[in-house]
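One structure is given here, and the rest of the page talks about it.
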Amino acid sequence: MTIPLLDLAKTRTVLFDGALGTELMARGLPIGMAPEIWNVERPQLVREVHAAYFSAGADVASTNSFGGNPLRLAAHGLEGQAYELNHAAARLAREAAPAGRYVAGSIGPTGKFLKPQGPCTEQDLEAAFADQVRGLAAGGVDVLIVETQYDLREALAAVRGARSVSTLPIFVTMTFNARPRGYFTLMGDTVARSAAELESAGAAAFGANCTLASDQMAACIRACREATRLPLIAQANAGQPVVGDEGRIAYTQTLEDYVRFVPDIVRAGAGFVGGCCGTDPSFIRAMARIVREETS
Amino acid sequence: MTKNELFPKMSEAIVAGDRAAATTLAEDAVRGDLDLLEVIEQGYVPGIQKVGDLWEEGEYFLPELISSAEAMKAAMAVLDPELKRRSLSSHMGGRVVIGTVEGDIHDIGKNLVASMLQAGGFEVYDLGADVKLERFIEKAEEVGAGMICLSALLTTTMTNQRRLLGLLKDRGLRDKYKVLVGGAPASRKWAEEIGADGYAENAVAAVKLAKTLSGRT
């Protein structure tokens with residue numbers, strides 16, 4: 001019997017995976033196509049990416065369902081397949097997971113704004129997230145991860161939507177920008193307010209992902225630690241993307257630059273670490289060595 | 001109310017993102033037969049500039065920017081028809097075609113830039129997201145735009161910004177338009193490399209850049 005993921009984090013630093021979309025693109029996912037469609041059309045390639053992360057040492061794989069809520073899928077005309085695509089996403093990661101490893105059901109933003117900035121009500125978002133979670137839960141994920149959220153109200157709607165159909169633990173990562181007065185989401189939510197409200201809404205873990213490079217992430221996680229006693233999760237970008245020769249995309253942090261700050265992130269209080277944009281299995285392999293050393 | 005009383009109130013209405021007040025004050029200006037171009041430049045524009053400053057200082061965030069841009073639009077909706085009746089135009093900045101490039105459905109940043117440009121006095125044609133490159137050129141030619149703004153959130157779609165510049169060149173239209181690029185993966189260096197006329201990191205900077213490029217500052 002595998003111990004619950006949150007209990008594992010009490011014994012050692014837990015490692016999530018890295019970027020997924022770019023790995024699928026490297027395997028031929030066409031630009032502009034919803035990555036989730038590959039859960040049914042190219043399942044072996046999705047499984048292959050999860051397997052690569054597990055073999056690099058990840059304890060947890062995030063499912064290929066970041067854009068899998070029906071509001072987001074609607075941009076591709078796929079809203080009717082939300083359950084099927086999320087169910088398949090969960091199943092593929094589950095199939096790739098060796099015994100004792102975990103699957104987190106990825107839930108990204110809808111891409112729609114709530115009123116008054118946009119067209120959606122909180123009920124619209126809750127219903128959309130609930131649809132997605134039904135598929136993920138039935139497909140066998142261990143936890144849910146509501147990620148890359150730039151609006152606390154939407155993140156809270158995701159937590160309520162998930163809660164309405166599932167009892168799985170919910171991790172939430174917000175994406176914070178370094179602004180003149182500290183770390184804020186796009187909508188102006190502070191770390192402290194985000195942590196407090198998500199904790200009362202029932203989030204099991206809180207943290208930050210995307211946008212920030214690994215050096216900035218350590219500082220952001222320190223701010224998170226001051227704000228809450230919840231377990232913390234950190235998934236930094238490998239700096240900023242730059243276009244190199246022949247249109248090849250590179251990130252400003254090299255693998256060495258990136259992982260250099262992982263011990264800082266762990267010491268700042270992150271019990272869960274992983275990668276975001278610009279990372280790949282080689283980053284996770286290097287991080288696996290570091291977190292094992294930190295723990296031992 | 002006199003101009004000296006009205007103008008600060010107009011500015012305050014924009015800073016507060018108060019649509020109703022911005023509209024009522026614009027109606028007062030029309031009724032009072034004020035110089036409406038002066039009303040815009042000295043009443044409303046200082047408000048939207050203050051909003052930009054507050055954003056840069058980290059006091060304002062996206063909701064405030066949107067509310068203020070909406071208040072500005074509401075005021076302009078009152079003033080524009082009156083200006084037209086007097087054969088004047090408030091669109092000092094000229095016409096701008098904007099959209100997220102093909103293959104990319106992300107439109108939050110683009111929408112904000114479009115709103116802020118409109119609030120900044122540009123006549124904005126927003127083509128939406130996942131816009132075929134041909135369409136940018138067609139629209140710009142059709143409406144007589146002076147500027148094309150290209151957004152991309154993904155590293156994989158930003159190369160379409162480069163392709164658009166190529167298309168313009170192929171058709172001998174490159175010098176006809178100022179081309180601005182934006183989006184998370186874009187940068188000043190990228191803009192230089194692909195031969196765009198400019199890059200802005202955010203919506204506030206985009207308006208400043210657009211004004212500079214159109215010779216308004």
Side-chain angles (χ1 to χ4, degrees), chain A residues 19 21-22 24-26 29-35 67 71-77 108-118 150-153 175 177-190 210-211 237 239-252 277-278, chain B residues 17 19 53-71 100-112 115 128-132 152-163 166 181 183-194 199 201-203:
Chain A
T22 40
L24 295 176
M25 284 173 186
L29 177 75
I31 290 168
M33 181 186 266
L71 288 171
R72 180 71 171 261
L73 289 173
H76 302 277
T110 59
K112 301 274 176 230
F113 281 143
L114 284 161
K115 287 174 191 289
Q117 286 87 31
Y150 45 73
D151 181 355
L152 176 58
R153 288 165 64 211
T175 186
N177 302 283
R179 300 284 298 150
R181 293 187 299 120
Y183 293 97
F184 290 85
T185 66
L186 185 67
M187 304 304 268
D189 309 303
T190 60
C210 211
T211 307
N237 279 2
Q240 303 306 315
V242 286
V243 180
D245 299 338
E246 291 157 21
R248 241 199 307 275
I249 307 296
Y251 278 75
T252 49
C277 306
Chain B
R19 267 183 80 113
D53 292 344
L54 287 167
W55 188 88
E56 279 176 348
E57 288 158 18
E59 294 293 330
Y60 269 20
F61 292 91
L62 188 136
E64 292 83 10
L65 285 189
I66 292 181
S67 300
S68 294
E70 290 297 321
T100 307
V101 296
E102 62 187 72
D104 201 326
I105 60 165
H106 299 88
D107 63 1
I108 289 174
K110 183 270 299 168
N111 290 346
L112 187 60
S115 275
D130 193 11
V131 179
K132 291 265 171 285
L153 183 81
L154 304 173
T155 52
T156 47
T157 54
M158 68 189 282
T159 49
N160 282 332
Q161 297 177 332
R162 189 207 298 269
R163 283 183 48 220
V181 295
S187 63
R188 181 151 311 164
K189 190 165 161 285
W190 167 246
E192 281 166 16
E193 190 186 317
I194 66 174
Y199 156 80
E201 193 183 359
N202 56 62

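Here is the naming used below: chain letters follow the sequence lines, and residue numbers restart at 1 for every chain.
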> Going from CZ on Arg179(A) to CH2 on Trp55(B), what distance comes out if it is rounded to the nearest 0.5 angstrom?
Replying inline: 4.0 Å
> If you look at every heavy atom in Ile105(B) and Ala75(A), which pair is closest and at what distance?
Replying inline: CD1-CB, 3.7 Å
> About how many Å separate CZ of Phe113(A) and CD1 of Ile66(B), when rounded to the nearest 0.5 Å?
Replying inline: 5.0 Å
>> Heavy-atom cut-off 4.5 Å, strictly under: side chain, backbone, both or neither for Thr156(B) against chain A?
In response: both
> Non-hydrogen atoms of chain B under 4.5 Å away: do they reach the side chain of Thr211(A), the backbone, both or neither?
Replying inline: neither
>> Measuring from atom CD of Gln117(A) to atom CD of Glu70(B), what distance do you get when rounded to the nearest 0.5 angstrom?
In response: 9.5 Å
>> Please find the pair of heavy atoms, one from Glu57(B) and one from Arg181(A), that lie closest to each other, and give the distance.
In response: O-CG, 4.3 Å
>> I'd like to know whether CD of Glu201(B) has more than 12 heavy-atom contacts from other residues, nucleotides or ligands below 6.0 angstrom.
In response: no
> What are the two closest heavy atoms between Pro63(B) and Leu186(A), and how far apart are they?
Replying inline: CD-O, 4.3 Å
> Are Leu154(B) and Ile31(A) close enough that some pair of their side-chain heavy atoms sits under 4.5 Å apart?
Replying inline: no
>> At a 4.5 Å cut-off on heavy atoms, which part of Glu102(B) comes close to chain A: side chain, backbone, both, or neither?
In response: neither
> Between Met33(A), Gln240(A), Met25(A), which has the largest tally of heavy atom pairs under 4.5 Å with chain B?
Replying inline: Met25(A)
>> Once ring pair (Phe, Tyr, Trp, His ring centres under 6.0 Å) is applied, do any residues pair with Phe184(A), and if so which ones, sequence neighbours excluded?
In response: Phe61(B)
> Going from OH on Tyr150(A) to CD1 on Ile108(B), what distance comes out if it is rounded to the nearest 0.5 angstrom?
Replying inline: 3.0 Å
